[in-house]
Amino acid sequence: METQTVEQMPTQYDALNIEKEIYKFWEENELFKANANSDKPPYTIVIPPPNVTGVLHMGHALDGTLQDILTRYYRMSGYEALWLPGTDHAGIATQNVVEKKLREENKTRFDLGREEFLKLTWQWANEHKGTILNQFKRLGASFDRTRERFTLDKGCNDAVKEVFVRLYEKGLIYKGAYIVNWCPRCCSAISDIETVYETEMGSLWEISYPLKNEAGAIVVATTRPETMFGDAAIAVNPNDYKYKELIGKKVVMPLTGREIPIIADEYVDKSFGTGAVKITPAHDPNDYEVGKRHNLKSIWVIDENGKMKANGYVPKELHGLDRYQARKKTIEMLKIQETLLRTLPHEHNVGKCQRCNTTIEPMLSEQWFVKMEPLAKKAIEAINKGEIKFIPERYTKNYLSWMENIRDWCISRQLWWGHQIPAYYHIETGEMVVAKENPNPKLYKQDEDVLDTWFSSGLWPFSTLNWPDIDNADFKKFYPTTTLVTGFDIIFFWVARMITMGYEFTGEAPFSTVYIHGLIRDEQGQKMSKSKGNTIDPVQIIDKYGSDALRFTLTSLNTFGAQDIKISDERFEYGRNFANKIWNASRFTLMNICDVDDIQIDFNNLTIADKWILNKLNETIKLVNDNLKTFRFGETAHILYEFFWNNICDWYLEISKVQLGDEKISMNTKRVLKYLFDTTLRLLHPIMPHITEKIWQLIPYVKNSSCNALIIASFPIPDEKYNFALESKQMEVVFETIKSLRNLRQSLNINTGALIDIVIDANKEEEIIFKAIESYIKRLAKVNSILYNSQEIKDKKCVNCAVSNSKIIVPLDNLINFEDELSRQNKKLLKLTNERNSLESRLNNEKFMQNAKEELINQTKTRIDEIIARENVIKELIENLKQ
RNA sequence: GGGCGUUUAGCUCAAUUGGUAGAGCGUCUCCCUUACAAGGAGAGGGUUUGGGGUUCGAGUCCCUAAACGCCCACCA
């Protein structure tokens, strides 16, 4: 790393350059690389693989930051930490991108053929693979890229085939004809959870179906008149007296004249619409079930592209028409025939393809499914036994209710980009063989379909560790993984599947903890999306504010259990300002400790302030450890911010200026400063890795031969020898005194430059404390002299303030506004009196005395004594002011 | 329809087993004091969404109402 002297450090932190320099340092020294042969206990996180087509968004930035914090924390805490990176081949998304490019050249994938198309897609994927993970690097991600994986690489493909074959042999994978969610744009089946429902305003059309051979008709209500050509029956509720007589009769369909029966089925809701439903088994899931019960024929009238089929069931005028045009045309035709009775406005939920937002067409087709129930069983038990914990816990319920009502998973996709299903059909006989390899390529042809992307993602925690080779070092060392970090939006898509697959194939939980964080939203709480144009690009934020600033801000916003995290560009100023504060405080410290010796802190030569800050640091160490262990990231950030800014910067550094000027304690103060910064930078490192690494390496002596980088330095743990309860309490007097005097100066409008003289009227006990802290008071409150004899200023005009149980008197030569001062003191007194009254009423309450903890009672008594003493001081002041 | 979450200062959010509310930003004063104006010092600002209950004591626990948000289910 470049050497730089403290004097050369600019007054503003140059995040951009320093972050690049530091990341390079980590990479060149291979500090992210995990060692499968080490003796340390493992800590493993596998990245939720971002889409290979993707670019970094704020969700990744948050997710990545949290994973990096954990990885760095455990790495520093003595674990063999592995954060395993990789990308997802993202079946539909990637294929869509490549097809779009082809379309620009007026080509389709069919023009190229499967082999050529895949070649092109691989080329594209390989070109883009690096993009997103390189963007993760800007975040400071300490993942081990020597172990980087891709869900479609050879190893993952082997794992997928192994899993598919085993599940098939167990009877847990089957092929069958069912109604699936069909996306006419993607031209593929999709699973239930890839279908999102949106409420839309539509119409409910009432169509009259005349009875056969007699007068009268039955009126059905439908939202989809274009499917009527596939009707196989009209259904009514068996208990519906309106239609009792009609059950078993036939109707003649309008437009086509085909005859269909009227049947009775419980499924029909008497109160909805007209109480009569047309049944279209090939194009509606409920109708399909009804059809099965009544042995109805499935009639396809819409094809894979969402166009009307050109068959005998569909009127010629509609052949090849898009489903929406066909709907319009059908209505027109019905109107002419006067069989359309009414059109009612109707709000309903329409299923859309999660990927392309096209309206789903429920369609009967033959697909591959995973039988989920037996697999889910183990995954449910695991949670109930506590083998896997969700954090926050409430997501457990979510997960369980989904698992308990799980339905079979449609895993085949009519795409080319993905894991091709390892099923082979005999060219002549059609006999099917499911196997990892084609038994004879001359005789067998592989199934054309590929697997749902989430099928391979579901194996990610072990496929990336070289499963099914369970004897390899990585799998042995790092599986099961430790923590999974992700957003709640993919619990079902991904987490649930990893758990089921993990148990089925490795016999154990793929991870012990699932940490669920919130989702990033814009200032208004809206989801960020490109189409809304409300996205904030993390890379731009890093360029503008710095990576550590981004990380710190995101972390601080991610308080425990938060499910929305609202951000705006300006919010990152918070992190930037903090980074800058760290930078400048460190500059100050480094300048002052450049000649520090390499000797331990002399505990016999510590000042009250030293002991206070060491005590505070020790408390902070405990809090940070506790909060990081329990995934309280936002809280950790706040604790560190508060400690660094309010304790170190606002007080200790100012006090250290006094101490550094005192020969007797100067060197020991430097040692304290060194220890303080060394330790605090370690605490901050997981959240703000770059700036802390940079500064830490500039601290004299801390970078020794056994550890030349903060990233692998040990994380602080609390140590009793730094507990100084008494001195910490005494320091409160310093703070109170200085604050009171500052307050006084401000309210009396005393020139900031002017030094004042003060007289302290204290009891013996407190006088000792005040004498010990005189130098701090003088410096920080700009005091010239301190006297302890109030007699000397008896006749002077004075203004006073109460501090602890003492009185600080400031003689004034110039006039002050006694009215203002009086009201200020009265206000203070009132506040104290109110507090005392409230506390006293507690003590007077028998039940409180019975029920409250003794400690609390004692605390209350002590507090009352304190208040009384202060009240007396203030009352006296008020009397003086009145005179 | 079922489930979950949220509601605290003008805004964004804290408050770890119930002990009497804090921070950042914004506002107002003052200050370029030799680490930092991306800074320092100080001030103002809250019947903790409404109602009821348990308790000596409730932002915190229970009931209830409302508003907002999310997830699941998918009635033509």
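Only this structure's heavy atoms are used, side chains among them; waters, hydrogens and symmetry mates stay out. Numbers restart at 1 for each chain; the letters A, B, ... are given by sequence-line order, proteins then strands. No experiment lies behind these values; they were computed from the predicted model shown.
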According to the Watson-Crick and G-U wobble definitions, with both distances under 3.5 Å, which nucleotide is paired to rG1(B)?
rC72(B)
Euclidean distance for P, rG59(B) against rU7(B) (whole angstrom):
14 Å
Heavy-atom pair of closest approach, residues A496(A) and M403(A):
O-CE, 3.9 Å
Should the side chain of Q12(A) and the base of rA38(B) be counted as holding a donor-acceptor pair, with the cut-off at 3.5 Å?
yes
Between C1' of rU12(B) and CD1 of I536(A), the distance in whole Å
14 Å
When all nucleic acid strands are considered with a 4.0 Å heavy-atom cut-off, which category describes K657(A): base, sugar-phosphate, or nothing?
base
Around atom CD of E393(A), are there more than 12 heavy atoms of other residues, nucleotides or ligands at under 6.0 Å?
no
Rounding to the closest angstrom, what is the interatomic distance between rC32(B) and rG44(B) at atom P?
24 Å
For the side chain of C649(A), starting at C-beta, report the closest nucleotide among rC13(B), rC71(B), rA35(B).
rA35(B)
Considering only heavy side-chain atoms of K739(A), the closest of rG19(B), rG42(B), rA73(B) is rG42(B)
Rounded to whole angstroms, how far apart are CG on L204(A) and C1' on rA76(B)?
7 Å
Gap separating the OG1 atom of T486(A) from the OH atom of Y395(A), nearest 0.5 angstrom:
11.0 Å
If you assign each of R779(A) and N646(A) to its closest nucleotide in RNA chain B, which residue comes earlier from the 5' end?
N646(A)
Could you tell me the separation between the CD1 atom of I520(A) and the P atom of rU12(B), rounded to a whole number of Å?
16 Å
Paired nucleotide for rU54(B) [Watson-Crick or G-U wobble; both distances under 3.5 Å]:
none
Categorize R842(A) for me: base, sugar-phosphate, or nothing, with a 4.0 angstrom heavy-atom threshold over every strand shown.
base
Distance, rounded to the nearest Å, where I193(A) contributes CD1 and rC74(B) contributes P
13 Å
Return the nearest nucleotide to the side chain of Y197(A); candidates are rU12(B), rC74(B), rG40(B).
rC74(B)
Verify the contact: side-chain N or O of T559(A) to OP1 or OP2 of rA14(B), cut-off strictly under 4.0 Å; return yes or no.
yes
F552(A) CZ to rA38(B) C1': how many Å, rounded?
14 Å
Hunt down the Watson-Crick or G-U wobble partner of rA15(B), both distances under 3.5 Å, from any strand shown, or write none.
none
Between rC68(B) and rU29(B), how many Å separate the two C1' atoms, rounded to a whole number?
38 Å
So R407(A), base contact, sugar-phosphate only, or nothing? Heavy-atom distance under 4.0 Å.
sugar-phosphate
Is it the case that rA35(B) (base atoms only) and E654(A) (side chain only) share a donor and an acceptor within less than 3.5 Å, ignoring hydrogens and angles?
yes
Can you find a donor-acceptor N/O pair under 3.5 angstrom joining the side chain of R576(A) to the base of rA38(B)?
yes
Would you find more than 12 non-hydrogen atoms of other residues, nucleotides or ligands less than 6.0 Å from R342(A) atom CZ?
no
How far apart are the closest heavy atoms of D548(A) and I691(A), and which atoms are they?
OD2-N, 2.7 Å
At 4.0 Å (heavy atoms only), tell me whether F492(A) reaches a base, stays on the sugar-phosphate, or touches nothing.
sugar-phosphate
Side chain of R742(A) only, please: which of rG3(B), rA73(B), rA41(B) is the nearest?
rA41(B)
For N577(A) and rG39(B), is the shortest distance between a side-chain N/O and OP1 or OP2 below 4.0 Å?
yes
Specify the separation, in whole Å, of atom OH of Y574(A) and atom C1' of rA38(B).
14 Å
Gap in Å between the two C1' atoms, one belonging to rU20(B) and one to rA15(B), rounded
12 Å
Find the partner of rU6(B): check Watson-Crick (N1-N3 plus N6-O4 or O6-N4) and G-U wobble (N1-O2, O6-N3) distances, both under 3.5 Å, and reply none if neither fits.
rA67(B)
Can you tell me how far C1' of rG42(B) sits from CD1 of I738(A), to the nearest Å?
15 Å
Walking RNA chain B from its 5' end, the first of W651(A) and F578(A) to be reached, judged by nearest nucleotide, is F578(A)
rA58(B) versus rG51(B) - spacing of their P atoms, nearest Å
15 Å
Separation between CG of D650(A) and CG of N647(A), rounded to the nearest 0.5 Å
8.0 Å
Determine whether a donor-acceptor pair (one donor, one acceptor, N or O, separation below 3.5 Å) exists between the side chain of N349(A) and the base of rC74(B).
yes
What nucleic acid atoms does N584(A) come within less than 4.0 Å of, heavy atoms only: base, sugar-phosphate, or nothing?
base
rG59(B) - base-pair partner by Watson-Crick or wobble geometry, distances under 3.5 Å
none
Where R551(A) and I687(A) come nearest, the two heavy atoms and their spacing:
NE-O, 2.9 Å
I691(A) CD1 to rA38(B) C1', straight-line distance once rounded to whole Å
12 Å
Looking only at rG40(B), rU33(B), rA43(B), the nucleotide nearest the D650(A) side chain is rG40(B)
For atom C1', what is the distance between rG22(B) and rU8(B), given to the nearest Å?
11 Å
Among rA41(B), rA76(B), rG69(B), find the nucleotide with the atom closest to the side chain of Q563(A).
rG69(B)
Counting only side-chain heavy atoms from C-beta out, which of rG42(B), rA38(B), rG19(B) sits nearest to N743(A)?
rG42(B)
Please say whether more than 12 non-hydrogen atoms of neighbouring residues, nucleotides or ligands are located less than 6.0 Å from NZ in K739(A).
no
Does rG3(B) have OP1 or OP2 under 4.0 Å away from a side-chain N or O of K397(A)?
no
Need one value for V268(A): base, sugar-phosphate or nothing, where a base atom within 4.0 Å counts as base even if backbone is also close, heavy atoms only.
base
Between rC63(B) and rG3(B), how far is it from one P atom to the other, in whole Å?
13 Å
Counting only side-chain heavy atoms from C-beta out, which of rG5(B), rG40(B), rG19(B) sits nearest to W645(A)?
rG40(B)
Taking only the C1' atom of each, what is the distance from rG5(B) to rG40(B) in whole angstrom?
41 Å
Nearest to the side chain of K581(A), heavy atoms from C-beta on, is which of rC36(B), rC71(B), rC13(B)?
rC36(B)
Take the angle between the ring planes of F633(A) and F631(A) and call it parallel below 30°, perpendicular above 60°, tilted in between.
perpendicular
Considering Watson-Crick and G-U wobble pairs with both distances under 3.5 Å, what does rA41(B) pair with?
rU29(B)
Which nucleotide in rA35(B), rU16(B), rC70(B) has an atom nearest any side-chain atom of R587(A)
rA35(B)
